[in-house]
Amino acid sequence: MTARTRSPLKSLPCTPTGPSIAEPGPAASGSGAPKVVAEGVPSSVRSGPQAGDGRRPIAWLTITAPRGATPTATSVCDCGRSLFAAGHRKALALIDDHARHRDACPLRTTEERNAS
């Protein structure tokens, strides 16, 4: 039996001939700054979430009315309310009910009392 010979494709060269993979290359614009990311990708760190004024959404009304299809509406609130309606009349009724709920929601009235 003869010994197997190693294929030259399976071994890596001992020393790299070009720049190190870990080092960024020079910028193409000639400014001398290294190119960190691909063009069009923001390289700066984004700012944190905005401080805001302490308000947050507690109720959502979602209306879907595609052309030629049955309209639907969904009313969801953090107080536990979750209603769905399909059809013109029922969706309109849910929209009105959602508007009335904004004035009667215990979460909203409590937040307004705490703010004043």
Side-chain angles (χ1 to χ4, degrees):
M1 289 178 117
T2 60
R4 283 184 149 171
T5 58
R6 281 188 119 169
S7 170
L9 298 177
K10 291 189 176 184
S11 61
L12 297 174
C14 296
T15 57
T17 57
S20 172
I21 296 173
E23 297 174 11
S29 65
S31 66
K35 186 174 181 181
V36 180
V37 295
E39 290 183 33
V41 178
S43 63
S44 64
V45 178
R46 293 179 186 238
S47 62
Q50 306 227 348
D53 57 3
R55 296 184 301 173
R56 64 179 182 84
I58 59 170
W60 298 265
L61 177 65
T62 306
I63 303 167
T64 306
R67 181 174 294 207
T70 304
T72 61
T74 305
S75 175
V76 180
C77 184
D78 279 350
C79 71
R81 172 188 172 96
S82 180
L83 300 174
F84 173 83
H88 293 282
R89 283 193 345 246
K90 291 181 180 181
L92 290 173
L94 182 59
I95 293 167
D96 291 336
D97 187 54
H98 181 82
R100 282 192 303 275
H101 177 73
R102 285 187 303 192
D103 297 329
C105 178
L107 294 177
R108 185 162 184 224
T109 55
T110 304
E111 286 180 2
E112 288 174 352
R113 288 182 194 145
N114 291 341
S116 41

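What you see is a predicted model, and the numbers here were worked out from it, not measured in a lab.
When every heavy atom of Cys105 is checked against every heavy atom of Ile58, the shortest pair comes out as SG-CD1, 4.3 Å.
For Arg89, there are no side-chain contact (heavy atoms from CB on, under 4.5 Å) partners, not counting sequence neighbours.
Between atom CG of residue Asp97 and atom NZ of residue Lys90 there is a gap of 14.0 Å, rounded to the nearest 0.5 Å.
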Got a list of side-chain donor-acceptor pairs under 3.5 Å for residues 64-75, not counting sequence neighbours?
| residue | atom | partner | partner atom | Å |
| --- | --- | --- | --- | --- |
| Ser75 | OG | Arg81 | NE | 3.0 |
| Ser75 | OG | His98 | ND1 | 2.7 |

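Its side chain within the 4.5 Å cluster rule, Leu83 clusters with Leu94 among the Ile, Leu, Val, Met, Phe, Trp and Tyr residues.
At a threshold of 4.5 Å between non-hydrogen side-chain atoms, the residues Phe84 and Val76 do not count as touching.
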